[in-house]
There are 2 protein chains.
Amino acid sequence: MAAYKTIEWLDAGKAVRLLDQSLLPRQVAYATCSDVAGVAEAIRNMTVRGAPAIGVTAAYGLVVAAYRESSDEIADIHRAVQEAIEVLKASRPTAVNLFWALDEMVAGVNRISVDSGEEYRNALLSCAHQMAKDDININRALGQAAMELMPAEKVTFIHHCNTGSLATVDFGTALGVIRTAHEAGLKVHVFVDETRPRLQGARLTCWELENQGISHQLIVDGASSQVMKTFAVDMCVVGVDRVAANGDVANKIGTCNLAIVARAHGVPFYACAPLSSVDLATRSGTGITIEERDPAEVKIINGGWVAPRDVEVYNPAFDITPAEFITAIVTENGVAYPPFAENLRRLKEQ
Amino acid sequence: MAAYKTIEWLDAGKAVRLLDQSLLPRQVAYATCSDVAGVAEAIRNMTVRGAPAIGVTAAYGLVVAAYRESSDEIADIHRAVQEAIEVLKASRPTAVNLFWALDEMVAGVNRISVDSGEEYRNALLSCAHQMAKDDININRALGQAAMELMPAEKVTFIHHCNTGSLATVDFGTALGVIRTAHEAGLKVHVFVDETRPRLQGARLTCWELENQGISHQLIVDGASSQVMKTFAVDMCVVGVDRVAANGDVANKIGTCNLAIVARAHGVPFYACAPLSSVDLATRSGTGITIEERDPAEVKIINGGWVAPRDVEVYNPAFDITPAEFITAIVTENGVAYPPFAENLRRLKEQ
């Protein structure tokens, strides 16, 4: 387990405590969200980020809403939870885990018969706790599933964005794959895409890899061709914000560039996706909304302007990598190869 | 002509004055180099950058050396110039214009018969002035040559790094192409790669385009797939630091990624190269030394760390784009299409 906790339920305060990822690696600080607006804002402003972490945070957001409701009537708490769902759904549009987690929470509570407001709150809390625990187990299983893709002795990765303990409850998805290989005794080296504009690779992934003692080098996002040409890169691994039924993947901006470059160099490209990120209801990538974020993310770094102040910016937070550029999708139930439509459905239904 | 001068000879001080590009766009300031060490350091620390601008700066560096020599004997001045050539050649390894410009200066002076130290100095100065003047004319001719590639009414570009007035004596290469299209009345829009690590796109290209009233939007380098998928991009245009005889192109890190992505999206990719950047003596890209620069360029932005302090960095300043990903190479003598070996030689020999 990581020495820090990305997401933690504070039972005393009936609040969710988040490691503030916008301050890392310079400062390890926590933000406590004791109402739904605070949880939604923490998702929106990326105090917490990473599709699985967002999902679990939103789940705890419903628990916060239930406790913040002053009435102990089941109906009143239920109404507060319904309102919270709408607020949280509006926080970020692309990662499906947010919507999945909220649906799971509703389904989970519906499976439990509650006779009082207190029981309702307890049921919500135990559902959120279960989801957090499941996330870690799923990530570990995903890491194990990826071992069939590993060379025998040493493996060199390119990794985009952050997909580690910080992007999940713990252990991580693509970084969990890297960690699993490391723990299995392979000689691991990681080239870390810095991942502009928010530099999750530079700030978060390097910090995690350093904490875990895994060999790595930071690169700018534009350097991946040069890295593949110069070094023996075995594979690219990325997380996902949503996988469509046909295998198209929405993920952090820059993912599609990396996938296309990997194809040109003959380097396998693996998307690491807990099945909660696989959205069979979305037929293809064209059905996924791409969030556009504040121009300031690109124009201002460390409080200083890096471009003329009035410059117009196009700042999509994500891109869609067409399934044709993805070698395989790694899930906790195994590795899906093309044809993805059929194989993802099979894994999802296991 | 641009309102600012990238490179200017100060006859009073026998020095070369450079617009300090490391401070733009926040501050317009100049650095005056009155000895060879200062000129070499300005090239090395990127006070001046851009292959053509580096070449002309180095040329003036020889003039500076000639004036700094206290003896008026031709032989002594000649020795000082020879020493300066070695110092300047060691400043940056990748762009061929540096070496080309120094060779041209020597050849130029050899063509002039000089009978005194004063005549030698004057000859050097007039060679450097001629090279500066030629650079502008070459860039304008290159821009005109590219007009055969333009659509009829409107044209949308993706542009990498900075290739404008700041990268040359004036007018620019790839940005000169954009400017020529704009001046010809086409409706121009430019997506500007910010170009990590040194952000020449964000800092310099946006500033130049704003000064010229050309519509543009800043993007992170990883966004080019998303841009090509979302908007009707007509072409990518980049400058070059060196073109090998077979058409392989060394240019700013991130160029090869962009070229590969453009190919995948069916978007033409044009390298804009004055013939002084075409190095027939280098057979292919594998013969080009790729400069690796200080890790701090990646780790520190605006004076603040964006990664753990001790992180290892791989920071190649350039990459090689294989000729197969280049649609055509635009020169002042016309557009070279594949097979490049044959067509570049023909244009070079015109």
Side-chain angles (χ1 to χ4, degrees), chain A residues 25-26 160 191-197 199 201-203 206-207 210 215-227 229-231 252-261 263-265 290 295 298-299 301-308 310-316 318-321 325, chain B residues 25-26 160 191-197 199 201-203 206-207 210 215-227 229-231 252-261 263-265 290 295 298-299 301-308 310-316 318-321 325:
Chain A
R26 285 183 287 178
H160 193 69
F191 289 97
V192 179
D193 265 3
E194 62 171 2
T195 315
R196 283 281 289 149
L199 297 162
R203 294 192 301 107
C206 289
W207 188 68
E210 182 178 291
S215 166
H216 60 287
Q217 281 169 290
L218 179 62
I219 58 172
V220 298
D221 303 329
S224 40
S225 276
Q226 180 64 15
V227 167
K229 183 170 158 287
T230 309
F231 304 97
K252 179 60 50 206
I253 192 72
T255 301
C256 185
N257 277 21
L258 182 61
I260 291 171
V261 166
R263 169 62 51 88
H265 286 270
I290 298 292
V298 180
K299 290 200 285 190
I301 310 179
N302 274 339
W305 295 81
V306 293
D310 296 331
V311 71
E312 284 197 34
V313 174
Y314 173 58
N315 183 24
F318 304 95
D319 61 22
I320 305 290
T321 302
F325 292 105
Chain B
R26 285 183 287 178
H160 193 68
F191 288 98
V192 180
D193 265 1
E194 63 171 0
T195 317
R196 283 282 289 150
L199 297 163
R203 295 191 300 107
C206 289
W207 188 67
E210 182 178 290
S215 166
H216 61 286
Q217 280 169 290
L218 179 61
I219 58 172
V220 297
D221 303 330
S224 40
S225 276
Q226 180 64 15
V227 167
K229 185 171 156 285
T230 310
F231 305 97
K252 180 58 51 205
I253 191 73
T255 301
C256 184
N257 276 21
L258 181 61
I260 291 172
V261 166
R263 168 63 50 88
H265 286 270
I290 297 292
V298 179
K299 291 200 286 191
I301 310 179
N302 274 339
W305 296 82
V306 293
D310 296 331
V311 72
E312 284 196 36
V313 175
Y314 174 57
N315 183 25
F318 304 94
D319 61 22
I320 305 290
T321 302
F325 293 105

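Protein chains get the first letters and strands the later ones, always in sequence-line order, with residue 1 at the start of each. Just so you know, these numbers use all the heavy atoms, side chains as well, and skip hydrogens, waters and symmetry mates.
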Practice item. Of all the heavy-atom pairs spanning B:I260 and A:S225, show the shortest one and how long it is. Key: CD1-OG, 3.3 Å
Point to revise | Proximal component of A:K229, with respect to chain B [non-hydrogen, under 4.5 Å] | key: side chain
Point to revise | Contacting region of B:F318 [heavy-atom separation from chain A under 4.5 Å] | key: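 B:F318 touches chain A through backbone heavy atoms alone.
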Revision key, fill the gap. Applying a strict 4.5 Å limit to non-hydrogen atoms, the region of B:P197 in contact with chain A is both
Practice item. With a 4.5 angstrom heavy-atom cut-off, could you sort out which part of A:P316 is near chain B: side chain, backbone, both or neither? Key: side chain
Point to revise | Closest non-hydrogen atom pair between A:D319 and B:G222, with its separation | key: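 Heavy atoms of A:D319 and B:G222 come nearest at OD2-O, 4.2 Å.
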Exercise for review: Can you tell which part of B:L258 gets under 4.5 Å to a heavy atom of chain A, answering side chain, backbone, both or neither?
Suggested key: neither
Check your understanding: Minimum heavy-atom separation for B:V306 to A:R203, with atom names?
Key ->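 So the two residues come closest at O-CG, 3.2 Å.
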Exercise for review: Measure distances from B:H265 to the heavy atoms of chain A and classify the residue's part below 4.5 Å as side chain, backbone, both or neither.
Suggested key: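 Contact with chain A involves the side chain of B:H265 alone.
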Practice item. Would you give the length of the straight line joining atom CZ of A:R196 to atom CZ of B:R196, rounded to the nearest 0.5 angstrom? Key: 6.5 Å
Check your understanding: chain A heavy atoms under 4.5 Å from B:T230: which part of the residue, side chain, backbone, both or neither?
Key -> side chain
Point to revise | Most chain B-contacting option - heavy-atom pairs closer than 4.5 Å, from A:G201, A:S215, A:C256 | key: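 Maximum pair count with chain B is reached by A:C256.
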Check your understanding: Taking A:I301, A:T195, A:I219 one by one, which has the highest count of heavy-atom pairs under 4.5 Å against chain B?
Key -> A:I301
Point to revise | Nearest heavy atoms of B:F325 and A:A264, plus distance in Å | key: CZ-CB, 4.2 Å
Exercise for review: Using a 4.5 Å cut-off on heavy atoms from C-beta on, say whether the side chain of A:V192 contacts that of B:V311.
Suggested key: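 B:V311 vs A:V192: side chains apart.
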Practice item. For the pair B:N302 (side chain) and A:G304 (backbone), establish whether a donor and an acceptor sit closer than 3.5 Å, ignoring hydrogens and angles. Key: yes
Check your understanding: Looking at B:I320, B:V227, B:D221, B:V313, which makes the most heavy-atom pairs under 4.5 Å with chain A?
Key ->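 Winner by heavy-atom pair count: B:V313.
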Point to revise | B:R26 versus chain A, the contacting section by heavy-atom distance below 4.5 Å | key: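 It is the side chain, since no backbone atom gets that close.
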Exercise for review: Return the set of residues passing side chain to side chain contact (heavy atoms under 4.5 Å, CB included) with B:Q217 (not counting sequence neighbours), or none when no residue passes.
Suggested key: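 Scan of B:Q217 (side chain to side chain contact (heavy atoms under 4.5 Å, CB included), adjacent residues dropped) gives A:E312, A:Y314, B:H189, B:F191.
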**Study point:** A:L199 side, atom CG; B:K299 side, atom NZ - distance, nearest 0.5 Å
**Key:**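 It comes to 14.5 Å.
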Review point. If you look at every heavy atom in B:P25 and A:P308, which pair is closest and at what distance?
Key: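 In this case the closest contact between B:P25 and A:P308 is CG-N, 3.8 Å.
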Exercise for review: Identify the heavy atoms of A:A307 and B:L218 that sit nearest to each other, and give their distance.
Suggested key: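 Where A:A307 meets B:L218 most closely, the heavy atoms are CB-CD2, 3.8 Å.
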